[in-house]
Amino acid sequence: MNYWLIKSEPDVFSIEDLARKPKKTEHGDGMRNYQAHNMLRDQMKKADLVFFYHSSCAQPGIVGLARVVTEGYPDFTAFETKNRHYDPKSNPENPRCDMVDVQFMRKFTRNITLHELKEHKSLANMPLLQRGNRLSVMPISKKHGDFILKLENTS
DNA sequence: GCCAACGTTGGC
DNA sequence: GCCAACGTTGGC
């Protein structure tokens, strides 16, 4: 069982939006990056835990938990010319981007902010905190994931 | 809205 | 296959 973190702009798609979906499930479309593609296609497995991170907002931080409910499959939004994630370089025979479906589990009792994450030495080398990290999906080690889960109930 | 960082593109 | 230009991300 692996931990992951996915970023989402709450103005576009927040954890509340996820919770409101039918079956509380949504596909994480629109990730157009080779590293993300490879992780989505090959490494994310059913039942993996996903930290849901709000970015580009007043208080960026981890706001809740979701779980992976499908293996990676081609991001069909890339084939739809009118879709905002349309990608002319992708096609069904050779998809350039994959996605997985994630299901809402719960909101944290509080926002574990980016600011707070940075204060913990033991999290210093997690990918989220590396300078210039722009991946919208990234792996979280078991050590870091366990630590973050404990953080929810402290402070 | 600024700007640093970095992935991607495209000319050569 | 190099690398400059460009576009995007995302914290501040």
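For the numbers below, each heavy atom of this structure counts, side chains included, while hydrogens, waters and symmetry mates do not. A, B, ... follow the sequence lines: proteins, then strands. Residue 1 opens every chain.
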Open item on the list: Any carboxylate oxygen within less than 4.0 angstrom of a Lys/Arg side-chain nitrogen, looking at A:Asp48 and A:Arg67?
Closed with: no
Open item on the list: Taking the side chain as everything from C-beta on, heavy atoms only, tell me whether A:Arg110 gets closer than 4.5 Å to A:Glu116.
Closed with: yes
Open item on the list: Between A:Glu16 and A:Lys21, does any NZ, NE, NH1 or NH2 come within less than 4.0 Å of an OD or OE carboxylate oxygen?
Closed with: no
Task: Within residues 125-133 of chain A, residues whose heavy atoms come under 4.0 Å of DNA chain B - done: A:Arg131, A:Gly132
Task: Side-chain ion pair, A:Asp146 and A:Lys150, N-O less than 4.0 Å - done: no
Open item on the list: Please determine whether a side-chain nitrogen of the Lys or Arg among A:Asp75 and A:Arg32 lies less than 4.0 Å from a carboxylate oxygen of the Asp or Glu.
Closed with: yes
Open item on the list: Please give me every residue in residues 56-66 of chain A whose heavy atoms get under 4.0 Å of an atom in DNA chain B, ordered by residue number.
Closed with: none
Task: Hydrophobic cluster membership, A:Phe104 vs A:Phe13, 4.5 Å side-chain cutoff - done: yes
Task: Under the side chain to side chain donor-acceptor pair (under 3.5 Å) test, residues paired with A:Ser90 that sit two or more places apart - done: none
Task: Interface limits on DNA chain C, where chain A has a heavy atom under 4.0 Å of a nucleotide atom - done: C:dG7 to C:dC12
- [ ] Using heavy atoms and a sub-4.0 Å distance, could you list which residues of residues 90-101 of chain A are near DNA chain B? By number, please.
- [x] A:Arg96
Open item on the list: Are A:Val63 and A:Leu129 connected into the same hydrophobic cluster when the rule is that any two of I, L, V, M, F, W, Y join if their side-chain heavy atoms are below 4.5 Å apart?
Closed with: yes
Open item on the list: Do A:Asn2 and A:Gln43 make a side-chain contact, defined as non-hydrogen atoms from C-beta onward lying under 4.5 Å apart?
Closed with: no
TODO: Report the C-alpha separation of A:His120 and A:Phe147 in whole Å, then their side-chain angles, then the decisive distance to 0.1 Å, and conclude whether the ring-ring contact (aromatic ring centres under 6.0 Å, His included) test is met.
DONE: CA-CA 10 Å; A:His120 293 283; A:Phe147 188 89; 5.2 Å; yes
TODO: Answer with yes or no after comparing the ring centroid distance for A:His27 and A:Tyr73 against a 6.0 Å cut-off, counting only values under it.
DONE: no
TODO: Any pair with a residue in residues 55-65 of chain A that passes side chain to side chain donor-acceptor pair (under 3.5 Å), sequence neighbours left out, goes on the list, sorted by first then second residue, please.
DONE: none
